[in-house]
Structure formats: structure tokens, C-alpha cells
2 protein chains.
Amino acid sequence: MADVAREAGVALRTVSRFVNGDATVGEDFADRIRRAIETLDWQPDERARQLRSGRTRTIGAAVRNISDAHPVLRAVDESARAAGLTVVAMSTEDDEEREREAVVSMCRRRMDGIIIEPIAENHGYLQPEIDSGMPVVAFDRPATGVEVDTVLSDNRGGIALAFEHLVRQGHRRIGYIGDDERIYTGHERAVAFHECLRAHCSAATGMVHPGPIDPARIAAALNRLRSDPEPATAILTGNASTTVAVIRQLGGDFGSIALVGFDDFALADLLRPGLTVVAQGEAEIGRTAIDLFQARAADPSRPVQTVTVPTTLIPRGSGELAP
Amino acid sequence: MADVAREAGVALRTVSRFVNGDATVGEDFADRIRRAIETLDWQPDERARQLRSGRTRTIGAAVRNISDAHPVLRAVDESARAAGLTVVAMSTEDDEEREREAVVSMCRRRMDGIIIEPIAENHGYLQPEIDSGMPVVAFDRPATGVEVDTVLSDNRGGIALAFEHLVRQGHRRIGYIGDDERIYTGHERAVAFHECLRAHCSAATGMVHPGPIDPARIAAALNRLRSDPEPATAILTGNASTTVAVIRQLGGDFGSIALVGFDDFALADLLRPGLTVVAQGEAEIGRTAIDLFQARAADPSRPVQTVTVPTTLIPRGSGELAP
DNA sequence: AACTCCCGAGATAACGTTATCTCGTTGCGC
DNA sequence: GCGCAACGAGATAACGTTATCTCGGGAGTT
């Protein structure tokens with residue numbers, strides 16, 4: 001920048017003003033500076049800029065996986081972009097240690113905020129950052145042990161949507177295979193399924209098989225559901241991985257039993273029959289996360305808020321099969 | 001850091017030495033500093049650190065899309081991580097303007113290097129950065145107008161693999177539907193298909209329909225292939241989007257005509273029949289990109305290198321259908 | 001005992017920006 | 001003609017680190 005100033009024959013500070021769009025730079029000076037920048041191929045150093053100004057205009061996103069499709073991340077990125085913010089995403093790979101590394105890295109980079117898809121059992125380690133004014137927004141699951149703004153899917157509503165859809169198709173024995181109940185979403189969805197069973201006790205019975213996602217367990221659960229004296233005529237799966245595992249396990253039998261999956265995924269419509277799913281409002285979740293971040297940044301003392309985003313049932317065939 | 005130094009009763013520089021793992025810090029001093037850091041909840045400022053040391057230990061990855069599945073990005077991230085580097089990925093969204101924004105942002109952040117999946121027609125704008133010693137590695141497509149290290153898939157070999165596989169299944173009329181020939185991979189694969197036709201002229205005839213990926217065009221191409229007096233008995237698609245578009249268009253007819261897709265994608269095995277594909281070596285591409293980056297960083301004057309990564313045929317059923 | 005050498009630690013000067021303060025001009029009202 | 005505000009521009013001091021140089025003192029050598 002000093003070189004540019006010398007080349008243009010102006011003061012260092014004037015180049016800075018020009019770069020920052022300060023209107024107090026005369027047109028003749030601006031021209032000379034423009035030319036000098038061109039000549040020297042100079043670009044401002046973002047690190048120094050951030051260091052001096054104290055703002056990074058960057059928020060960190062600690063998500064489960066960067067490299068897989070991640071519709072929420074896309075929405076976060078777009079909303080942030082629209083607000084003039086840069087998003088730096090890091091993978092936690094479903095690992096507590098990795099999550100922490102990501103968060104530490106974001107803090108060391110003095111990012112303006114953190115959007116996190118929580119993995120760790122306890123997020124107390126975030127407290128010092130929160131206390132020092134770092135806006136933190138959790139999505140998909142609540143962050144345990146700290147109070148932060150949160151965006152969740154309407155897990156219970158989504159399960160109810162699917163359950164009632166199957167009941168409407170005439171199913172009276174519905175099986176549920178879902179994620180580990182120690183995981184928040186796994187717990188919520190299994191509980192919701194139980195509630196549906198209670199609410200429809202006269203109309204439907206059902207079986208629940210939550211646990212870790214692992215082909216062998218899925219296969220066992222599936223076999224139990226189908227080999228029952230009164231076998232299930234419909235299956236509700238608690239997340240995309242489970243859905244896929246169930247479809248793999250069903251093999252050629254896919255289509256012989258009704259199936260509704262919680263969480264949509266790419267190409268689910270290409271299956272035969274098409275896969276009926278409860279879709280989460282990922283775009284809205286992402287947008288809301290950024291909204292909450294901005295609200296918090298604008299007013300650090302506002303009460304923490306939890307937003308629940310509704311789900312939608314997308315019928316594609318597999319959920320409309322008769323018992 | 002000054003606060004930590006005061007709290008620990010040592011000099012600023014000693015805290016710095018401790019943080020950087022300098023062995024010349026005595027154990028008693030180290031203890032006091034550790035305690036002071038703990039007490040004050042201090043974390044070093046990465047921006048200042050980078051500014052002063054001149055190194056960011058960060059490389060930028062400008063890829064087509066962050067939010068969709070991106071196996072190369074995963075490999076890049078993992079290899080970089082293993083080398084103690086952080087990857088910051090940005091989406092180009094297949095847009096020249098966005099690509100340029102991403103690259104500019106990376107330069108302003110003074111990243112140690114750039115890994116790019118080139119979109120722009122001309123990458124001459126990278127020349128000043130390259131000249132100033134910024135290592136740049138392109139993958140998937142070459143960067144036009146500049147000489148940089150490059151990692152490519154063996155597009156021609158992959159098309160040949162698929163073509164010969166179909167010929168071996170007895171197909172004599174094979175159609176090709178691919179991407180726009182103005183795009184490098186679209187061009188390479190279409191040319192390779194033509195070469196295969198020439199090489200097998202006695203054994204096979206075929207039709208080529210490259211162009212932009214758009215459902216209407218795919219439908220038209222497909223109809224032409226199938227309504228020919230001597231219709232195609234097998235189709236080879238030039239990339240994943242085309243493959244998916246073709247499968248959508250085929251609808252219930254999927255499985256009535258042999259299909260091999262270039263580029264694998266998640267859940268292709270769930271289709272009935274399973275989708276036979278030519279898989280690219282994404283993990284190796286990613287690893288190689290990081291290798292080339294490191295080699296260039298270590299020796300800026302080394303000659304630029306282009307590495308071609310082989311492809312593999314994965315038979316899953318759709319490509320093994322008889323004519 | 002004098003000399004060198006090395007080692008652990010501190011003082012000071014950058015790194016490339018922006019914030020703050022200062023200063024000389026100019027324009028305008030009275 | 002004077003004062004005063006407004007304005008455009010420059011000088012200088014940070015921001016939070018690390019690089020370089022300096023220095024005191026203890027161990028080893030002759």
C-alpha cells in the first residue's frame with residue numbers, strides 16, 4: 001500500500017480511504033491511485049485489514065460434513081453472502097474432537113460468529129466465547145450445556161405427518177427404525193413415534209427399533225418387523241442413512257412394503273417406486289440461522305431464541321402402497 | 001498476549017515462544033504461562049500471527065459447488081489436513097464471476113496456494129498471482145491461458161472402458177449423450193467416443209448428441225436415439241447430471257436399454273437395475289492436487305506438471321443388459 | 001583465572017492495514 | 001475583512017503477533 005501511495009504520489013492514508021470507498025477522495029487523486037494499483041498489481045491484505053479494523057466479516061460454519069451434499073450449508077452460504085459476509089465451513093466428521101478443533105480455529109481467526117451443527121455431548125467449552133460476545137447459532141440439534149440461539153426441524157410434527165399418512169393409506173401395523181436415541185434427533189423422532197402410537201392406539205400398533213446406524217442392526221430390525229406373526233405393512237425410517245440402509249437391505253423387496261423416510265435426499269425420486277419422504281425445510285433452516293446470527297450480533301443482550309422449522313410430506317409412491 | 005505475559009510475569013516474547021512450542025522456554029516459565037492462559041481464556045489471534053509470520057498455512061479451494069457432494073474436495077481436505085494445512089473452500093457455482101471473486105478473496109487473504117476447478121473461459125487473470133509465486137493447481141479441467149500444475153481424469157480412457165464394455169455385451173449401436181463440447185470434459189469425452197466409433201467401425205455404429213444439459217434437450221436426444229430405424233441398444237452418458245437426466249426421462253423404461261454413466265454418484269447402486277458407471281478416482285485426484293501444491297511450494301521453479309488419474313468401470317447391472 | 005560459547009530470556013522493530021488527530025484551504029455569513 | 005465551519009488530505013499511533021538483536025550468566029576449555 002505504501003508502494004501504491006508512492007507511485008500515486010499521495011499519502012498512505014489516502015490510498016486506504018480510496019480502497020474503502022471513502023467519498024472524501026477527490027476524483028483526480030482517485031484516478032492516480034487507480035492507475036498505481038493497476039500498475040503494481042496490488043491487492044489489500046485482508047489479514048491486516050481485519051486485524052486493524054477488528055472485524056472479519058466472516059462467520060464459521062462447523063457442519064457434519066463439508067464434502068457431502070448439505071442443503072443447510074448452501075442456504076447459510078447464500079444468506080450470508082447476501083449480507084456481505086463470507087462463510088468458512090469446516091467438517092466435524094461427527095467427531096467431538098474435530099468439532100472442537102473447528103471451533104477453536106474459528107475463534108483464533110476471530111470470526112464474527114459461529115454456526116454449528118452440534119456433535120459434542122457438552123458444549124460448555126463454548127461458554128467463554130459466548131461470554132466474550134461471540135454470536136453462536138446451533139442448528140439441527142440443540143447445543144447442550146450452553147444457551148444459544150437454535151434452529152430445529154419440527155421432528156415431532158414430521159413423524160406425525162408420516163405416521164398419519166400411512167394410517168390414511170390403511171396401515172395398522174407400522175414399524176419404526178431410527179437413529180440412536182442418545183442423539184437428539186434420534187430421541188425426538190422415536191419419542192414422536194411413540195406418541196403417534198398412543199394417539200392412534202385403536203387404529204394402529206407399531207414397533208420401534210432405534211439404535212446406531214449399522215447395516216447388521218438395520219437388517220435385524222427389519223427382519224423382526226417382517227417376521228412378526230402380524231408383520232408390519234409399513235416402515236417409517238428416522239433419517240436418511242437409515243432409509244438408505246433399509247432400501248439396500250430390502251433389495252428386490254423394495255416396493256413390497258410401504259416406506260416413508262424422514263429427511264429427503266438427492267435422487268430419491270429416481271427409485272422405483274419413488275421414495276416418499278418427510279422433507280426438512282433446509283433452506284429455511286439456513287436462512288433462519290443467519291437471521292438469528294445477525295439479530296444477536298446487532299443486540300448481544302437479546303434473549304436466546306429457538307426457532308422450529310416445519311417439515312413437509314412429499315409423496316412419491318413408496319408411502320402410498322396399500323398394506 | 002501482553003495480558004498473559006503480565007499475568008505470568010514474563011516477557012511478551014516468552015509467551016510467543018511458549019505458544020510456538022519453542023524448546024527454549026524453561027519448565028517453570030512454561031507452567032506460569034500455561035496458568036495465565038487458562039486464567040485469562042486467551043487464544044492467539046491467527047490474523048496477527050499470519051500477518052507477522054507471512055504464512056497462512058491455508059490453501060483456498062475454488063470448487064463448483066460446496067454444498068453438493070464433492071469427493072475431490074473431501075480428499076483435498078484430508079490430505080491438506082494431514083500436511084498441517086487448512087483448506088478454505090468456496091463455491092464458484094459454475095459462474096465465471098463467482099470464480100474470480102473466490103480467487104480474489106483467496107489472494108487478499110494471502111493464502112499459501114489455490115486449488116481450482118476451473119470454470120472461466122480464460123484464466124489469464126491468474127497470471128500476476130502465479131508470477132508473484134502463488135502456487136496454483138487446477139483439477140478436472142485445465143486452466144486456459146496460464147500454465148499451472150493440473151490433475152485430470154483419464155476421460156478418454158474412461159469412455160473407452162465403457163464403450164468396450166458395451167461392445168463386449170454384444171451392443172453394436174451405441175448412443176452417446178454428453179455435456180456441451182465447449183466445456184473441456186464435454187469435449188474430451190465426445191471426442192473419445194468418436195475415436196471409439198472409428199476404432200470399432202466394423203463392430204459398432206453410434207450416435208453422438210452432446211450439448212448443454214437441459215431436460216428438453218436430453219429428452220430430444222434420447223428420442224432420436226430410440227426412434228432411429230435401427231435404434232440404439234445402449235447409451236453412454238457423459239457426466240452425472242446427464243446420466244440422471246436420462247434416467248428421469250427413461251422413467252419406467254430404465255432397464256430396457258443398456259446404460260453406462262460417466263462419473264459415479266451416491267446411491268447409484270440403489271437403482272433397479274443398479275447403474276453401471278465409469279468411476280473417477282476422486283480421492284486420488286484430491287491427494288494429487290495437494291501433492292502438486294506442496295511440490296510447487298517447495299520448488300517454485302519446477303516445470304509444470306499434468307497428472308492423469310485413471311478411471312474404473314463399476315458394473316452394477318444397467319451396463320450388462322443384452323441388446 | 002581468563003576466555004569463549006551457548007542458552008534462556010527480554011527489548012525493540014517490524015508485518016500491512018485503519019482510527020484518530022492534525023492541518024491547510026476554501027467558502028460563506030455577517 | 002474577519003471568523004468559523006466544512007472539507008480534503010497527511011502524519012502518527014495503534015491492532016496482536018513474530019523476527020532480530022541484545023544481554024546476563026553459567027558451563028566448558030586452555
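Note: hydrogens, waters and symmetry copies are ignored here, and every other heavy atom, side chains too, is used. All of these numbers come straight from a predicted model, not from anything done at the bench. Letters A, B, ... mirror the listed sequences (proteins, then strands); counts begin at 1.
- One can place CZ of Arg17(B) at 15 Å from P of dT12(C), the figure rounded to the nearest angstrom.
- With Val72(B) as the partner, the side-chain contact (heavy atoms from CB on, under 4.5 Å) test is satisfied by one option alone out of Arg64(B), Glu282(B), Arg287(B): Glu282(B).
- Both Val15(A) and Gln43(B) lie near DNA chain D, and the one whose nearest nucleotide falls closer to the 5' end is Val15(A).
- When distances run from any side-chain atom of Thr14(A) to the nucleotides dT17(C), dG10(D), dT17(D), the shortest one goes to dG10(D).
- Across all strands shown, Arg47(A) has no heavy atoms under 4.0 Å from either base or sugar-phosphate atoms.
- The interatomic distance linking Asp45(B) (CG) with dC15(C) (C1') rounds to 13 Å, in whole Å.
- Look at CG on Asp28(B): it is 14 Å from C1' on dC7(C), rounded to the nearest Å.
- Both Gly9(B) and Arg52(A) lie close to DNA chain C; mapped to their nearest nucleotides by heavy-atom distance, the more 5′-ward contact belongs to Gly9(B).
- We find that CZ of Arg55(B) is positioned 15 Å from C1' of dC15(C), with the value rounded to whole Å.
- A donor-acceptor contact closer than 3.5 angstrom links the side chains of Arg13(B) and Ser16(B).
- The residue Glu27(B) sits apart from the nucleic acid: no heavy atom pair falls under 4.0 Å.
- Across all strands shown, Val25(B) has heavy atoms under 4.0 Å from sugar-phosphate atoms exclusively, and none from any base.
- Counting any heavy atom pair closer than 4.0 Å across all strands shown, Arg13(A) reaches a base atom.
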Pair Glu188(B)-Leu152(B), side chain to side chain contact (heavy atoms under 4.5 Å, CB included): steps then yes or no: CA-CA 11 Å; Glu188(B) 285 296 293; Leu152(B) 300 173; over 6 Å; no
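- Within the 4.0 angstrom heavy-atom criterion, base atoms lie near Ser16(A).
- The CZ-C1' distance, from Arg110(B) to dT17(C), rounds to 11 Å in whole Å.
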Start with the C-alpha distance between Glu101(B) and Arg81(A), add both sets of side-chain angles, then the distance that settles salt bridge (charged side-chain N to carboxylate O under 4.0 Å, His left out), and finish with yes or no. CA-CA 12 Å; Glu101(B) 276 174 35; Arg81(A) 186 179 180 69; 2.5 Å; yes
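- Using a 4.0 Å cut-off between charged nitrogen and carboxylate oxygen, Arg74(B) and Asp77(B) do not count as a salt-bridge pair.
- For Leu12(B), counting side-chain heavy atoms from C-beta on, the closest listed nucleotide (dA9(D), dT17(C), dT18(D)) is dT18(D).
- Between the CZ atom of Phe18(A) and the P atom of dT17(C) there is a distance of 14 Å, given to the nearest Å.
- Closest to the Ser53(B) side chain, of the nucleotides dG16(C), dG8(D), dT18(D), is dT18(D).
- With dG10(C), dG16(C), dT17(D) as the candidates, the nucleotide lying closest to the side chain of Leu51(B) is dG16(C).
- Within the nucleic acid shown, Val10(B) comes within 4.0 Å of sugar-phosphate atoms alone, with no base atom in reach, counting heavy atoms only.
- Atom pair Asn20(B):CG and dA9(C):C1' shows a separation of 16 Å (rounding to whole Å applied).
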